[in-house]
J.: 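Dumping the structure here so I can ask a few things about it.
If you read the sequence from its start, that first residue is 1, and numbering goes on from there.
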Amino acid sequence: KKTADIEAEIQFILALRSQGFPAMQPIAALDGRFVLPLATPWGVYTASSFAAVPGRPMEDTACTPAMLHKMGSTLARLHLLSRNIHVQRPDHREMMTRIRRQLTENNAPAAILDAWQHIDNRLQALPVNPETYGLLHYDFEPDNVFWHEETKSCAVIDFDDALYGWFSMDVEQALNALQEITDDTGCAAFMDGYRSIGPFTAAMEAQRPLMRAFINLRSYARLLHCLNDPMETLPPWMPGLIEKLNRKKEQLEAWLLSARRTNLLSK
């Protein structure tokens, strides 16, 4: 990642923390900098450090309805605060341009490029306003939200993928991940918690299938790009990981092609 990207991520976190939001705390070096370039025998790397947050990842807890309600309200609070935070993170338009470039450079099937066009057309038709669009966490999943039992509160880590988009995109990401560890009652508790802080209208709910299409398209393009990046020497564990990533890429490709065939992307 570029140093500027990490600095913008930390600016986002610090802005949230200044308003009392429970984001992980960046640790400054002795000279006050939060991001340092470090020369190593393998090249120059960028280093940053964060204090541990209290509690355990939500995915390692019982995930009761009360806990999921708090998780939902925490995301809504993040969205409410982020409306007034402005940092140099990409927006959905920049991401769609980057996705198109990755698809083209890595010889994605023509049908996937066609799916990209339909998703782009539909995104362009959505309203962009402070009530529905702002700075997102983008990875608000149970492994990045920690539950602190003593205070009955959540803390949030991993803002690496933060971008500007529709709040429904963050909600779709969270609900999709929650379906792996809870049932409909738990997901409903999450949404009740969200709505206890901010609105999630019927129009925002209707955006979720399109947000899923964007998320899957971005994931597919990133995997395609990574898997086409040759490595001369592979550590022993790498072939297994490559096989796993290839399976995931194939699953995403099948999803996108199915969505295109069933006109999901044209609605």
Side-chain angles (χ1 to χ4, degrees), residues 1-60 70-71 74-95 97-99 101-102 130 133-151 153-165 167 169-170 173-174 218-219 222 225-226 229 231-233 235 237-238 241:
K1 294 181 66 175
K2 296 180 180 178
T3 299
D5 292 334
I6 302 174
E7 289 175 339
E9 173 192 344
I10 290 175
Q11 290 171 11
F12 182 20
I13 293 169
L14 292 174
L16 288 170
R17 287 183 58 82
S18 71
Q19 300 179 78
F21 185 82
M24 59 185 186
Q25 180 178 351
I27 300 174
L30 294 177
D31 63 4
R33 289 184 294 170
F34 288 102
V35 183
L36 299 175
L38 297 180
T40 76
W42 305 277
V44 177
Y45 286 80
T46 303
S48 56
S49 182
F50 300 87
V53 299
R56 293 188 297 156
M58 290 285 290
E59 66 178 1
D60 295 336
K70 187 65 177 182
M71 183 181 174
T74 301
L75 179 59
R77 186 179 169 207
L78 188 156
H79 289 164
L80 190 64
L81 296 176
S82 75
R83 295 180 187 183
N84 298 314
I85 297 175
H86 305 284
V87 298
Q88 292 300 313
R89 297 298 294 177
D91 62 18
H92 77 278
R93 292 175 293 269
E94 294 173 77
M95 290 308 311
T97 299
R98 185 180 305 176
I99 290 168
R101 184 174 64 250
Q102 290 175 331
Y133 190 99
L135 191 52
L136 312 179
H137 183 280
Y138 195 78
D139 198 13
F140 197 87
E141 299 183 3
D143 58 334
N144 289 328
V145 181
F146 281 57
W147 174 256
H148 192 227
E149 179 62 28
E150 287 75 11
T151 59
S153 63
C154 293
V156 185
I157 68 168
D158 197 356
F159 287 73
D160 290 8
D161 289 325
L163 58 81
Y164 287 92
F167 298 136
M169 193 178 293
D170 253 355
Q173 281 275 57
R218 185 187 179 200
S219 296
R222 294 170 83 176
H225 175 72
C226 291
D229 187 13
M231 295 180 65
E232 295 182 1
T233 304
W237 49 266
M238 183 62 77
L241 176 60

J.: Working to the nearest 0.5 angstrom, can you tell me the gap between Lys70 NZ and Met58 CE?
T.: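 Lys70 NZ to Met58 CE: 11.5 Å, rounded to 0.5 Å.
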J.: Any sub-3.5 Å donor-acceptor pair from Asp139's side-chain atoms to Asp161's backbone N or O?
T.: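 Here the side-chain-to-backbone pair does not exist.
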J.: Considering non-hydrogen atoms only, spot the tightest contact between Ala23 and Arg17 and give its length.
T.: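 Ala23 and Arg17 have their closest heavy atoms at O-NH1, 2.7 Å.
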J.: Rounded at 0.5 Å granularity, tell me how far CG in Leu16 sits from CZ in Phe159.
T.: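 It is 5.5 Å, given to the nearest 0.5 Å.
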J.: So does Asp91 get a backbone contact from the side chain of Glu94, meaning a donor-acceptor N/O pair under 3.5 Å?
T.: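 Yes: the side chain of Glu94 pairs with the backbone of Asp91.
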J.: Does any part of the side chain of Phe167, heavy atoms only, come nearer than 4.5 Å to the side chain of Ser82, both counted from C-beta?
T.: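 The answer is yes, as the side chains (C-beta and beyond) meet within the 4.5 Å cut-off.
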J.: Shortest non-hydrogen contact from Pro90 to Ala162?
T.: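 For Pro90 and Ala162, the tightest heavy-atom pair comes out as CD-O, 4.2 Å.
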J.: Would Phe140 and Met71 satisfy side chain to side chain contact (heavy atoms under 4.5 Å, CB included), going step by step from the backbone distance to the final call?
T.: CA-CA 9 Å; Phe140 197 87; Met71 183 181 174; 3.7 Å; yes
J.: Do Cys154 and Phe146 have side-chain heavy atoms sitting under 4.5 Å apart?
T.: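 No, their side chains stay 4.5 Å or more apart.
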J.: Of all heavy-atom pairs between Leu163 and Arg89, which one has the smallest distance, and what is that distance?
T.: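 The pair with the smallest heavy-atom distance is CA-CB, 4.3 Å.
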J.: With a 4.5 Å cut-off on side-chain heavy atoms, are His86 and Tyr164 touching?
T.: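 Tyr164 reaches His86 side chain to side chain.
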J.: Any side-chain heavy atom of Phe21 sitting closer than 4.5 Å to one from Leu80?
T.: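 No. Closest side-chain heavy atoms not under 4.5 Å.
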J.: Measure the NE2-NE2 distance between His79 and His137 for me, rounded to the nearest 0.5 Å.
T.: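 Output value for this atom pair is 9.5 Å.
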J.: Tell me, do Arg93 and Thr97 make a side-chain contact under 4.5 Å, heavy atoms counted?
T.: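 Answer no - side chains too far apart.
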J.: For Gly20 and Arg77, work out which heavy atoms get closest and say how close.
T.: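 Here Gly20 and Arg77 meet closest at O-NH2, 2.8 Å.
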J.: Hey, does Phe50 have a side-chain heavy atom less than 4.5 Å from the side chain of Ile157?
T.: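 The answer is no, as the side chains (C-beta and beyond) never meet within the 4.5 Å cut-off.
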J.: How long is the gap from CD on Glu149 to CZ on Arg56, to the nearest 0.5 Å?
T.: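 Glu149 atom CD to Arg56 atom CZ measures 8.5 Å (nearest 0.5 Å).
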J.: Heavy atoms, side chains only, cut-off 4.5 Å: are Glu9 and Pro26 in contact?
T.: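 Result no, sub-4.5 Å side-chain heavy-atom pair not found.
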J.: Report the distance from atom CG of Asp160 to atom CD1 of Ile6, rounding to the nearest 0.5 Å.
T.: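 Spacing of CG (Asp160) from CD1 (Ile6) equals 8.0 Å.
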J.: Side chain of Gln173, backbone of Tyr138: donor and acceptor closer than 3.5 Å?
T.: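 Here the side-chain-to-backbone pair exists.
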J.: On a heavy-atom basis, which atom in Met24 and which in Ala51 lie closest, and how many Å separate them?
T.: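 What the structure gives for the nearest pair is CB-O, 4.4 Å.
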J.: Just wondering, are more than 12 heavy atoms of other shown residues or ligands nearer than 6.0 Å to CD in Gln19?
T.: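 Atom CD in Gln19 is packed in, count exceeds 12.
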J.: Show me the donor-acceptor pairs within less than 3.5 Å that the side chains of residues 27-38 make with the rest of the protein, sequence neighbours left out.
T.:
unit_1	atom_1	unit_2	atom_2	d
Asp31	OD1	Arg33	N	3.0
Asp31	OD2	Arg33	NE	2.7
Asp31	OD2	Arg33	NH2	2.9

J.: Is there side-chain contact between Val145 and Thr74, with at least one heavy-atom pair below 4.5 Å?
T.: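 Contact flag for Val145/Thr74 side chains = no.
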J.: Once rounded to the nearest 0.5 Å, what's the spacing between atom OG of Ser49 and atom CD of Gln25?
T.: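 Rounded to the nearest 0.5 Å, the OG-CD separation comes out at 10.0 Å.
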J.: Got a sec, which residues hit side-chain contact (heavy atoms from CB on, under 4.5 Å) with His92, two or more places apart in sequence or on another chain?
T.: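 Applying side-chain contact (heavy atoms from CB on, under 4.5 Å) to His92 gives Leu123, Tyr133, Trp166.
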